[in-house]
Novice: 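Okay, handing you the structure first.
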Amino acid sequence: MSADEISTVLDTAAAFKAVGARAIKKVPALRGKTVINLFVEPSTRTRISFELAAQRLTADVINFTAEASSLKKGETLRDTARNLEALNADIIILRHGAAGAPHFLSQFLNASVVNAGDGAHEHPTQGLLDVYTIRDKKGRVAGLNVTILGDILYSRVARSNIWALLKLGANVTLCGPSTLVPRVFEQMGCKVTYDIQEAIENADVINLLRIQHERQRQTMFPSIGEYTSLFGLTKARLGMTQPGVLIMHPGPINRGVEIDSEIADSNQSVILEQVTNGLAVRMAVLYLVNGGKGTSEIMGTVGGSKSRLTP
Ligand code: CP
């Protein structure tokens, strides 16, 4: 996505957030459309957020659970998806352990395919909701120093954040164990450091990532205890940061590992606001994928007449 396209999603999300503050939070933008949540990997936030987003847009929503499906009987992802399309699915939201799975489906489906996280590759709506949260709290993204701390190598959240942040003009620093933050990320335009003090002392935003044990094929550092002592965000380390630094985490959190419990629950933490913003961002994505026109339509008037989105 270009910077302009990202900004369109963020502006559209802002309009949907305003709709979320109304007494009636539903708009008929996706009335008559069928949205299928095809989650082949576990999820709490993303799945529920997409489900609620589709419901707020008045779509019919089906939640597909891999464990209770014919995928367990050997059916391929391609056949499963084609069967869902045969049931007139308009939008298929896919989370999958294999990088590229959403792109693969998009090549032969007529339905729109939305990536809800594919392996260690990308998690686009998480990247978008993170930049939305930064813009909302700081008033801008350009020129901010954003540090992403933790397991970068196996993180789809990191990759989607890096793309979005750099396109919007932020300075991105990556920090963590050298095995999890290879210098190859410098080629994307990020600064890489293994010195946590250097990484956090001038940061406007610190986005923490958990260790993605489920994707690591070998032990990448000696122990969790050693990771926490070298890279965990403790109260002592928070004292090295600038006042007003924003603490972010995509979840799920491993309290006491990458972040002290007290910091996760502090006023500087916007972890739960990220979740709230995720709903508006996912409404925006579904609306735009379905051919939505823009913020004026969402806010209730188009050319002076009442919009089809007015509750
Ligand atoms: N942030 C995120 O993707 O969380 P879930 O795995 O719970 O969806």
Side-chain angles (χ1 to χ4, degrees), residues 9-10 13 17 35-56 61-67 91-103 113-134 136-137 146-165 174 176 180 205-216 233 246-255 257-259 263-265 269-286:
V9 175
L10 304 189
K17 199 168 174 191
V35 175
I36 300 194
N37 260 332
L38 174 49
F39 276 59
V40 185
E41 246 197 7
S43 167
T44 298
R45 281 147 289 268
T46 313
R47 193 189 63 72
I48 292 172
S49 180
F50 266 119
E51 180 178 356
L52 194 52
Q55 286 177 355
R56 291 263 171 101
V61 190
I62 306 291
N63 284 311
F64 176 101
T65 311
E67 288 303 307
I91 302 176
I92 295 179
I93 300 161
L94 177 65
R95 169 166 289 192
H96 201 282
H103 178 65
V113 179
V114 178
N115 184 354
D118 61 331
H121 177 223
E122 288 240 29
H123 192 346
T125 55
Q126 181 70 47
L128 289 165
L129 76 89
D130 288 343
V131 291
Y132 179 97
T133 304
I134 293 170
D136 195 42
K137 300 302 282 189
V146 180
T147 292
I148 307 177
L149 177 58
D151 174 359
I152 311 292
L153 183 62
Y154 293 97
S155 173
R156 53 195 176 207
V157 174
R159 283 174 181 77
S160 290
N161 263 268
I162 291 167
W163 287 122
L165 288 165
L174 308 178
L180 294 175
V205 178
I206 302 174
N207 198 350
L208 299 157
L209 301 175
R210 75 183 170 88
I211 304 298
Q212 325 275 315
H213 293 292
E214 71 276 21
R215 284 181 218 128
Q216 294 179 8
L233 191 62
L246 221 57
I247 305 299
M248 302 179 68
H249 194 306
I253 299 173
N254 288 143
R255 289 176 183 265
V257 179
E258 69 270 13
I259 185 167
I263 300 174
D265 300 328
S269 160
V270 291
I271 295 170
L272 294 178
E273 283 178 64
Q274 288 172 259
V275 178
T276 304
N277 293 335
L279 175 58
V281 166
R282 291 181 175 117
M283 285 176 79
V285 167
L286 295 178

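One-based numbering, in listed order, for ligands and for the atoms of each.
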Novice: I'd like to know if Asp265 and Arg255 make a salt bridge, using a cut-off of under 4.0 Å between side-chain N and carboxylate O.
Specialist: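 Between Arg255 and Asp265 there is a salt bridge, with a charged N closer than 4.0 Å to a carboxylate O.
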Novice: Tell me, please, which residues at least two apart from Glu122 pass salt bridge (charged side-chain N to carboxylate O under 4.0 Å, His left out).
Specialist: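 If we apply the salt bridge (charged side-chain N to carboxylate O under 4.0 Å, His left out) test to Glu122, skipping adjacent residues, there are no hits.
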Novice: Any sub-3.5 Å donor-acceptor pair from Asp136's side-chain atoms to Tyr132's backbone N or O?
Specialist: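 Checked: no pair found.
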Novice: By the definition side chain to side chain contact (heavy atoms under 4.5 Å, CB included), identify the one residue from Ile92, Val35, Ile91, Leu38 that meets it with Val114.
Specialist: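 Single pass found, and it is Ile91.
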Novice: Could you please provide the protein residues found below 4.0 Å of ligand 1 on a heavy-atom basis, arranged by chain and number?
Specialist: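 The answer is Ser43, Thr44, Arg45, Thr46, Arg95, His123, Gln126, Pro250, Gly251, counting any residue whose heavy atom sits under 4.0 Å from ligand 1.
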Novice: Which pairs, with at least one residue in residues 42-52 and sequence neighbours excluded, count as a salt bridge (charged side-chain N to carboxylate O under 4.0 Å, His left out)?
Specialist: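 Matches after skipping sequence neighbours: Arg47-Glu51.
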Novice: Kindly write out the residues that satisfy side-chain hydrogen bond (donor to acceptor under 3.5 Å, both in side chains) with Asn37, not counting sequence neighbours, or none if the list is empty.
Specialist: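 If we apply the side-chain hydrogen bond (donor to acceptor under 3.5 Å, both in side chains) test to Asn37, skipping adjacent residues, the hits are Asn63.
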